[in-house]
> 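Take this structure, written in structure tokens, and hold onto it; I'll ask about it next.
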Amino acid sequence: MSDLFDDPKPGQNAPEFTVSEISGEVKRTLEGTFGRIRVKGEVGRVFKARSGHLYYDIKDDRSVLACTTWKGQVSSLSVVPEEGLEVVVTGRLTAFGAQSKYNMNVDEVAVAGQGALMALLEKRKKQLEAEGLFAPGRKKPLPYLPQIIGVVTSPSGAVIRDILHRLRDRFPRKVLVWPVAVQGQNCAPEVARAIDGFNRLTPGGALPRPDLIIVARGGGSIEDLWGFNEEIVARAAAASQIPLISAVGHETDTTLIDFVSDRRAPTPTAAAELAVPVRLELMAWAETQGARLTRAAGQAVQQRRQRLNDLARALPRPDTLLETPRQRLDRIADRLPGALISGVQRRRVHLSETAASLRPATLRQLVQGRRDRLQNLSSRLSLRPIQREITARKDALGHLAQRLDAAQSLRLDRQRQTLAAAGRQLEILSYKATLQRGYAVVRSGAGILTTKAAAAQAGPLQIEFADGILDLDGGTADPASQSAAEKPSGGGQGSLF
């Protein structure tokens, strides 16, 4: 009885909680007490799940805080956590009751101090350099005079005005501006998309593809320029098929895009100067080259004229060259009349000598000799050779006729023998030879009877023997005579059909 009135033990009157209730209370207490907080620490293990959620640790020298960034929050992070990076994370502290753990849902990550940013920049720089993106051999030369220049920058800043003003002063060109955010969390993806977008344009299309790209931004702190240190921007610049000039910040500012670009300009204005030459300087240079060309042509003509004069002095005068031929012509002209007279006289004498030998008797002798020769030739042209040839042809024809007769006779003999052999064979196969051996053929009209029943029903019969035909009247013979007729006669040499 005394136990009923004893005081309970300390804590016995405390309420009882289920596991889920206590987990819920702890979660509400954490979220209600801390609310939205900021935590500074070093990023430890980082793990990205297939679902897209990001899990990582924030630690110091004594403790570790588990952090989670959901898939929908990752894209809004200005800095993606990397192991070893010192950051300040902002979010809400909550508990995961199923495992009795608490963690922090982070929706914003910032680098803790400029030193951490520089360390991250150095890490990325070494990684990209190891991949060969900084190699001089992969950098493309800039076009000397691009027709179209693409500018990636903010359309509202002073940078684009400086570039356009400088291009107009030096050499006016067509400019395509791709507006982007030049700082903040949207800077890196927009700049990367702009570089890729310029490369995707079709050359000569409605919106032509640029021959040169300028990525420009004014000066600022390392945090302001951090978008140009992102890996996606550096890789987009390295993958560009169009030559690219980076002009980010002032001359002392350096970003990752400066290392992968084909040319770095210290300022946006310097980028415009690198993009195009000075038009007035080109015109002055062209005029200078034209003047030099004119002077060089004049000097060349003058030198060749002087050389021609020097060579002309070494040549003899035309009068001197013609003196000897003129003298030779004069001497020949003096000798020509005498030579003509002498030649005519010699030919007259020769003609007189030849005419003296041309007498009528001589001509008659010549004609007589030609006539005798013609008669000789006529006598030799007789019919004897032709007759001999005709005789030879007749003999050959008679010989061929004899051979033909002999061949024809031989052929007829062979055909005659073949026909006789065929006749003998026909006689052997003929039924006449069978009749000679004692057989007979029984006919009734035009038909041949081969059975007794057919003979009994037939009319007048004709029996053909080897020596003739026997006519019989119709009817049936008596059995005795029939039996006698069916017996073989003469030693079995004859039968009746």
> How far apart are the C-alpha atoms of Gln73 and Leu54, what are their side-chain angles, what is the distance that settles it, and do they pass the side-chain contact (heavy atoms from CB on, under 4.5 Å) test?
CA-CA 9 Å; Gln73 298 171 323; Leu54 194 63; over 6 Å; no
> Minimum heavy-atom separation for Pro268 to Ile163, with atom names?
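Minimum heavy-atom separation between Pro268 and Ile163: O-CG1, 3.7 Å.
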> Can any side-chain N or O of Arg264 pair as donor or acceptor with the backbone N or O of Pro266 at less than 3.5 Å?
no
> Return the minimal non-hydrogen interatomic distance between Asp57 and Ala66, and the atom names on each side.
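Where Asp57 meets Ala66 most closely, the heavy atoms are OD1-CA, 3.8 Å.
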> Working to the nearest 0.5 angstrom, can you tell me the gap between Ile37 CD1 and Leu93 CG?
4.5 Å
> Enumerate, atom names and distances included, each donor-acceptor pair closer than 3.5 Å involving a side-chain atom of residues 191-198, sequence neighbours excluded.
| unit_1 | atom_1 | unit_2 | atom_2 | d |
| --- | --- | --- | --- | --- |
| Asp196 | OD2 | Arg200 | NE | 2.6 |

> Taking all heavy atoms of Leu201 and all of Pro210, pick out the closest pair and write down the distance.
CD1-CD, 4.0 Å
> For the residue pair Ser352 / Arg348, report whether a side-chain donor-acceptor contact shorter than 3.5 Å exists.
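Note: Arg348 and Ser352 side chains miss the donor-acceptor criterion.
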> Step by step, work out the salt bridge (charged side-chain N to carboxylate O under 4.0 Å, His left out) result for Asp413 and Arg416.
CA-CA 5 Å; Asp413 292 341; Arg416 191 178 294 109; 2.8 Å; yes
> Under 3.5 Å, side chain of Arg166 to main-chain N/O of Thr269, donor-acceptor pair present?
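No, because the side chain of Arg166 does not come within donor-acceptor range (under 3.5 Å) of the backbone of Thr269.
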> Considering all heavy atoms of both residues, which atom of Ser154 and which atom of Val182 are nearest to each other, and what is their separation?
N-CG1, 3.7 Å
> Distance only, no hydrogens: is a donor on one side chain within 3.5 Å (strictly under) of an acceptor on the other, for Asp169 and His165?
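Yes, His165 and Asp169 have a side-chain donor paired with an acceptor closer than 3.5 Å.
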> Are there over 12 heavy-atom neighbours, none belonging to Lys174, within less than 6.0 Å of that residue's NZ?
no
> Looking only at heavy atoms, which two atoms of Asp262 and Lys139 are closest? And how far apart?
OD1-CA, 3.4 Å
> Are the side chains of Tyr56 and Thr69 in touch, meaning some heavy atoms are under 4.5 Å apart?
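When only atoms from C-beta onward are counted, Thr69 and Tyr56 do touch, with a gap below 4.5 Å.
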> Between Cys67 and Ile58, which heavy-atom pair has the shortest distance, and what is it?
SG-CG1, 3.4 Å
> Using side-chain heavy atoms (C-beta onward) and a distance below 4.5 Å, is Leu256 in contact with Phe134?
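SC-SC contact between Leu256 and Phe134 confirmed.
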> Does the side chain of Arg36 come within less than 4.5 Å of Asp107's, by heavy atoms?
yes
> Tell me, yes or no, whether the heavy-atom count around Lys27 atom NZ, taken from other residues, nucleotides or ligands under 6.0 Å, exceeds 12.
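Counting other residues, nucleotides and ligands, NZ of Lys27 stays at 12 neighbours or fewer.
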> Is any side-chain heavy atom of Ile332 closer than 4.5 Å to one of Arg328?
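Yes, their side chains come closer than 4.5 Å.
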> Any side-chain heavy-atom pair from Arg414 and Leu410 closer than 4.5 angstrom?
yes
> Passes side-chain contact (heavy atoms from CB on, under 4.5 Å), Gln185 versus Glu108? Steps please.
CA-CA 11 Å; Gln185 62 183 12; Glu108 183 179 342; over 6 Å; no
> Is it true that a side-chain atom of His53 and a backbone atom of Lys71 form a donor plus acceptor pair closer than 3.5 Å?
yes
> Which distance, rounded to the nearest 0.5 Å, do you find between the CD of Gln299 and the OG1 of Thr294?
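One gets 11.0 Å once the value is rounded to the nearest 0.5 Å.
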> Taking only distance into account, with no hydrogens and no angle test, what donor-acceptor pairs under 3.5 Å do side-chain atoms of residues 280-293 form with protein atoms, sequence neighbours excluded?
| unit_1 | atom_1 | unit_2 | atom_2 | d |
| --- | --- | --- | --- | --- |
| Thr288 | OG1 | Ala284 | O | 2.8 |

> Can a donor-acceptor pair be found between the side chains of Gln302 and Arg305 at a distance below 3.5 Å?
yes
> Would you mind writing out the side-chain donor-acceptor pairs for residues 237-247 within the sub-3.5 Å range, not counting sequence neighbours?
| unit_1 | atom_1 | unit_2 | atom_2 | d |
| --- | --- | --- | --- | --- |
| Ser240 | OG | Asn199 | OD1 | 3.4 |
| Ser240 | OG | Asn199 | ND2 | 3.0 |
| Ser240 | OG | Ile242 | N | 3.2 |
| Ser240 | OG | Ile242 | O | 2.9 |
| Ser246 | OG | Asp258 | OD1 | 2.8 |
| Ser246 | OG | Ser261 | OG | 3.0 |

> At what distance, to the nearest 0.5 angstrom, does CG of Leu145 lie from CG of Leu212?
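Atom-to-atom, Leu145:CG and Leu212:CG are 11.0 Å apart.
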> Using the rule salt bridge (charged side-chain N to carboxylate O under 4.0 Å, His left out), only one of Glu131, Glu230, Glu231 pairs with Arg124; which is it?
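For Arg124, the salt bridge (charged side-chain N to carboxylate O under 4.0 Å, His left out) check succeeds only for Glu230.
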> Between atom CG of Leu133 and atom NZ of Lys125, what is the distance when rounded to the nearest 0.5 Å?
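Leu133 CG to Lys125 NZ: 13.5 Å, rounded to 0.5 Å.
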> Run the side-chain contact (heavy atoms from CB on, under 4.5 Å) check on Val260 and Arg235 step by step: do they pass?
CA-CA 8 Å; Val260 297; Arg235 293 191 180 278; over 6 Å; no
> Please report the interatomic distance CD1(Ile149) to CG(Leu164), rounded to the nearest 0.5 Å.
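Answer rounded to 0.5 Å: 9.5 Å.
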> Under a 4.0 Å threshold between the charged nitrogen and the carboxylate oxygen, would Arg326 count as salt-bridged to Glu323?
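So Glu323 does not pair with Arg326 through a salt bridge.
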> Step by step, would you call Arg346 with Ser342 a side-chain hydrogen bond (donor to acceptor under 3.5 Å, both in side chains)?
CA-CA 6 Å; Arg346 284 197 304 271; Ser342 176; 2.9 Å; yes
> Taking everything shown except Arg38 itself, do over 12 heavy atoms lie less than 6.0 Å from its CZ?
no
> State, with a plain yes or no, whether a side-chain heavy atom of Leu85 is found less than 4.5 Å away from one of Val79.
yes
> Answer yes or no: are there more than 12 heavy-atom neighbours, outside Arg279 itself, under 6.0 Å from its atom CZ?
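Not more than 12 within 6.0 Å, no.
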> Atom CG in Leu400, atom CG in Leu404: separation rounded to 0.5 Å?
8.5 Å
> Could you tell me whether the side chain of Arg92 reaches within less than 4.5 Å of the side chain of Met104, counting heavy atoms only?
no
> Heavy-atom count check: over 12 atoms from other residues, nucleotides or ligands less than 6.0 Å from Tyr55 OH?
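More than 12 heavy atoms, drawn from other residues, nucleotides or ligands, come within 6.0 Å of this atom.
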> side-chain contact (heavy atoms from CB on, under 4.5 Å) for Arg209 and Ile148? Distances and angles first, verdict last.
CA-CA 7 Å; Arg209 180 181 179 183; Ile148 300 172; over 6 Å; no
